[in-house]
Amino acid sequence: MPLLIVAAIGFGIWGMSVSGRGEAPVDPVSLLILAVGLGLGGAFGWQRGKMTTIFKEPDGTLKAQASPIGLLIVIGVMILRKALEPWLAAHAADWHVNPNAILEAFMLFAAGMVVTQRIEMWIRARNIQHGGSDAHVELDTPGAAR
C-alpha cells in the first residue's frame with residue numbers, strides 16, 4: 001500500500017509540474033511548505049498507527065483493525081485541496097508563495113500519513129510476532145466476539 005500511495009502521489013506531483021499550471025515549487029519557502037506537509041502527515045500517520053488495534057489469532061496470525069478516521073482524513077485533505085485551488089491561485093502572489101507548493105503539500109501530507117502509519121504497524125506487528133507485548137493487542141480466543 002505505501003508503494004502504491006507514493007507512486008500515485010509522485011505521479012500527481014510530477015503531472016502538476018509538467019502541466020504548465022505554474023512553476024515548480026523549488027524556492028526555499030516552497031520547500032519548507034512541502035516539508036511541513038510531509039512532516040504533519042508523518043505525525044498523523046504515526047499516531048494512527050499507534051492507535052490501530054492488532055488482533056493475534058490463536059494460530060499466531062495477526063490482523064489489524066484501524067478506525068476509518070484515517071481514510072476520512074485523507075479524503076478530507078483531498079477535498080480541501082481541490083476546494084482551495086482556485087482561491088490559492090488568486091491570492092498566493094499576495095503572500096509571495098508558490099500556490100503549487102501548498103497544493104503539493106496536501107498530497108505529501110496524505111502520502112506521509114499512509115506510509116508512516118504502515119511503518120509503525122509493521123514495527124508493532126514484528127514485535128508482537130517475536131513475543132513482545134503491545135498496548136493495542138487483543139488475543140482472539142475461539143468463540144469470542146469482536
Side-chain angles (χ1 to χ4, degrees), residues 1-57 60-140 145-146:
M1 182 63 143
L3 181 62
L4 292 174
I5 294 295
V6 168
I9 299 292
F11 185 70
I13 290 173
W14 173 79
M16 281 182 67
S17 67
V18 299
S19 69
R21 294 174 51 194
E23 61 185 64
V26 292
D27 59 284
V29 173
S30 295
L31 294 176
L32 178 64
I33 291 169
L34 295 174
V36 167
L38 185 61
L40 287 174
F44 272 84
W46 176 74
Q47 187 60 36
R48 185 163 186 250
K50 295 285 283 182
M51 295 185 331
T52 300
T53 302
I54 298 177
F55 295 95
K56 187 169 185 177
E57 301 287 338
T61 59
L62 300 178
K63 294 183 180 178
Q65 181 179 2
S67 72
I69 292 174
L71 180 61
L72 294 175
I73 289 173
V74 170
I75 292 170
V77 164
M78 292 301 145
I79 290 171
L80 183 63
R81 176 187 175 274
K82 203 60 171 163
L84 286 177
E85 189 171 0
W87 187 81
L88 284 172
H91 292 82
D94 299 338
W95 304 334
H96 305 291
V97 173
N98 185 339
N100 284 342
I102 297 170
L103 296 174
E104 291 176 7
F106 280 108
M107 294 171 64
L108 288 174
F109 176 90
M113 188 174 91
V114 170
V115 170
T116 307
Q117 174 197 354
R118 296 301 173 116
I119 290 170
E120 173 63 25
M121 289 172 53
W122 178 79
I123 291 169
R124 289 180 51 220
R126 191 179 67 171
N127 184 37
I128 292 164
Q129 285 215 316
H130 288 49
S133 63
D134 189 270
H136 295 284
V137 172
E138 293 186 21
L139 297 175
D140 274 353
R146 263 193 241 171

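- Remark: Ile75 engages Leu71, Ile79 in a side chain to side chain contact (heavy atoms under 4.5 Å, CB included) (not counting sequence neighbours).
- The CG atom of Leu62 sits 13.0 Å away from the CZ atom of Arg126 when rounded to the nearest 0.5 Å.
- Each of Leu108, Ile102, Val29 was checked for a side-chain contact (heavy atoms from CB on, under 4.5 Å) with Leu34, and the lone residue meeting it is Leu108.
- With a 6.0 Å radius and a threshold of 12 heavy atoms from other residues, nucleotides or ligands, Leu32 has its CG atom above the threshold.
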Begin from the C-alpha positions of Asn127 and Ile123 and carry the test side-chain contact (heavy atoms from CB on, under 4.5 Å) through to its verdict.
CA-CA 6 Å; Asn127 184 37; Ile123 291 169; 5.6 Å; no

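- By the side chain to side chain contact (heavy atoms under 4.5 Å, CB included) test, Trp46 pairs with Lys50, Thr116, Glu120, sequence neighbours left out.
- Looking at every heavy atom in both residues, Ile54 comes nearest to Met121 through CD1-O, 4.4 Å.
- Arg124 places a side-chain N or O within 3.5 Å of a backbone atom of Gly49 that can act as its donor or acceptor partner.
- In this structure Phe44 satisfies the side chain to side chain contact (heavy atoms under 4.5 Å, CB included) test together with Ile73, Phe109, Met113, sequence neighbours excluded.
- Residues satisfying the side chain to side chain donor-acceptor pair (under 3.5 Å) criterion with Arg118, sequence neighbours excluded, are absent altogether.
- Residue pairs meeting the ring-ring contact (aromatic ring centres under 6.0 Å, His included) criterion with at least one member in residues 62-86, sequence neighbours excluded, do not occur.
- Considering only residues two or more places apart in sequence or on other chains, Ala110 meets the side chain to side chain contact (heavy atoms under 4.5 Å, CB included) condition with Val74, Met78.
- Closest of all the heavy-atom pairs between Leu103 and Arg81 is O-NE, 3.1 Å.
- What you find for Gly112 and Leu38 is that their closest heavy atoms are CA-CD1, 3.9 Å.
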